[in-house]
Amino acid sequence: MDNLTICNHCNSDACYTIENSPTIKTYSCFGCGFTTNSLMKEDEEFYNQQLEVLPELYKDVMFKDENGLTWMPTTINLPQQGMVFYNGTSKENAKWSAVKAAKILEEEKEKYPIKGKVGEFYEWRMDMTTIQSFEMKDFMEALSYIGVLPE
Ligand SMILES: [Zn+2]
């Protein structure tokens with residue numbers, strides 16, 4: 001993988017940088033599972049919007065780096081693969097949770113209508129029976145579990 005840099009949150013060298021535009025970069029670390037971008041600064045509207053929608057747990061573990069960027073846990077939600085999110089009742093017991101997606105059977109489709117679209121149904125659902133916890137340091141294993149990274 002190219003564009004790997006040192007992570008300002010955990011200091012590993014597994015931070016993947018994507019340039020979304022000439023002024024905006026996104027940093028996603030595979031070491032600690034945290035992410036930030038150029039708009040995660042205290043005076044940015046984007047940052048303030050995040051504060052309004054993020055779960056308390058995410059806010060509890062936010063980390064401001066030396067450049068003033070605030071890092072938070074990554075949430076991955078891929079309809080055909082699964083999701084990975086930071087989960088727990090407090091930051092002391094938080095872990096990564098991973099859930100696999102499952103194809104919806106033809107005969108069950110009617111149970112999964114797409115909101116606002118008459119006669120259209122989802123093809124995939126999150127299969128909560130597959131939920132599995134991973135320690136904080138095992139973010140990459142959680143990704144492998146839902147098939148985002150090779151095992
Ligand atoms: Zn990191």
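One-based numbering, in listed order, for ligands and for the atoms of each.
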Which side-chain N or O atoms in residues 43-55 pair as donor and acceptor under 3.5 Å with protein atoms at least two apart or in another chain?
unit_1 : atom_1 : unit_2 : atom_2 : d
Glu45  : OE2    : Gln49  : NE2    : 3.4
Asn48  : ND2    : Glu44  : O      : 3.1

Between side-chain atoms of residues 115-122 and protein atoms elsewhere (two or more places apart, or another chain), which donor-acceptor pairs fall under 3.5 Å?
none

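Around the Zn ion (ligand 1), the protein N, O or S atoms found under 2.8 Å comprise Cys7 SG, Cys10 SG, Cys29 SG, Cys32 SG.
Under a 3.5 Å cut-off, the side chain of Thr36 and the backbone N or O of Leu69 do not form any donor-acceptor pair.
A donor-acceptor pair shorter than 3.5 Å cannot be found between the side chains of Asn8 and Trp71. Side chain to side chain, Asn20 and Thr26 meet the donor-acceptor criterion of an N or O pair below 3.5 Å.
Checked against side chain to side chain donor-acceptor pair (under 3.5 Å), Ser12 has no partners two or more places apart in sequence or in another chain.
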